[in-house]
Amino acid sequence: MIAALAHDLEAGEALPVYEAAERPAMERSPLPDLSLIKMNRYSTMTVQYSRGCPFNCEFCDIIEIYGRQPRTKAVTQVLAELDQLQRAGWRDAVFVVDDNFIGNKKRAKNLLTAMAEWGQLHGYPFRFITEASLNLADDPELLQLMKDAGFSTVFLGIETPDECSLIANHKLQNTRRDLLESVKRIQQYGIEVMGGFILGFDTDREDVFDRMVEFIQTSAIPVAMVGLLQALPGTQLFRRLWREDRIVDAGDGNNTDCKLNFLPRMDAARLVEGYRSVLRQIYSCDAYYERVKLFLNRCHPTSRQRLSYANLRAMVSSVVRQGLLGKGRLSYWKFVLTAATRYRRSFGMAMTFAVMGYHFQIMTDRLMEVE
Ligand code: SF4
């Protein structure tokens, strides 16, 4: 199809839309050309190993675009990308930007075994981040392999502590389990859990806001991405709401700007105010640092971060902006002191969390001002 597109472009006869007959095999994707980017402008590099996800969440557009049959690259392709990143001088985080890294667990395990060997051979130059489904918690072998391969963080779509909403949204992999216990099991491998949460489901009741805050505070998830439900075009959710005559517009996919593109069951103003109140509470300085401390307590992660010039600059900037000028100065210094005394081995990571918290506090402040 790309050949046809190139041909038509050269002939000046390109069509508005080209549709592939089938989803392309990942084994055919070429090595990315790193010379096209300025690496020092990025905090993470990316590698994509797989596309698609076997689950069936109603609001998800991934499965509509990339399908429910995970497609993967060969192990040798991924290792070649890591080799290339190392040769280019990269020594920081690498985000494995899959829709669901464990969509095919057997293949993920093969890859992880090879990545662990690669890391040992090359002195572990990277730490890895990825996205996965919560059933990761059910597989100790997979968790151990991720730890051995150098995975430090995994993003999980937890969505809501309300089981009725999970069932209604076909997020069945998150049901019939103790969600907090599942998160804890992953964290006990020293892996940080980032959580995705959604407000605005039809089944959300008035108490959902308090329940979400309580869940997030108890979960030791420092970075909780809470958004308002968006009905993305092409999803099962969009089609259902369309049938129910509840779609307002196509939306722009932004789930944090307090705008809804559908008519919710809950009063819309109440929903938006509840959403704001959740963010206000979880990103207040004290609540945020409490979660970070809980995480450090639970996981004892060792900072593999190198003391680079960029890290030093970030640290100085954090001291100035948060410790001298920030409105949460007192909480900040209390946290830094605790990190320096009780979590010395994780100090680099603790400071990274402090900086990330500042980002979320600013974003939350801005959100409070949105009309
Ligand atoms: S687990 Fe994530 S990627 Fe998979 S269908 Fe659900 S929302 Fe989509």
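When a ligand or atom number is given, it counts from 1 through the structure's own listing order. Bear in mind the structure is a predicted one, so any value in this text is a computation, not a measurement. Excluded from the calculations below are hydrogen atoms, water molecules and symmetry mates; all remaining heavy atoms, backbone and side chain alike, are included.
Each protein N, O or S atom less than 2.8 Å from atom 6 (Fe) of ligand 1 was counted, giving 1.
Ionic pairing of D98 and K73 is not present here: no N-O contact between side-chain nitrogen and carboxylate oxygen is shorter than 4.0 angstrom.
By the 4.5 Å side-chain criterion applied to Ile, Leu, Val, Met, Phe, Trp and Tyr, L263 is assigned to a cluster that also includes V248. Hydrophobic clustering, defined by side-chain heavy atoms of Ile, Leu, Val, Met, Phe, Trp and Tyr closer than 4.5 Å, groups Y358 together with I362.
Applying the side-chain contact (heavy atoms from CB on, under 4.5 Å) test between V226 and each of L279, T364, N255 identifies L279 as the sole match.
Not counting sequence neighbours, the partners of T256 by the side-chain contact (heavy atoms from CB on, under 4.5 Å) test are N254, Y275.
Checked by atom type and distance alone, the side chain of R177 pairs as donor or acceptor with a backbone atom of Q173 at under 3.5 Å.
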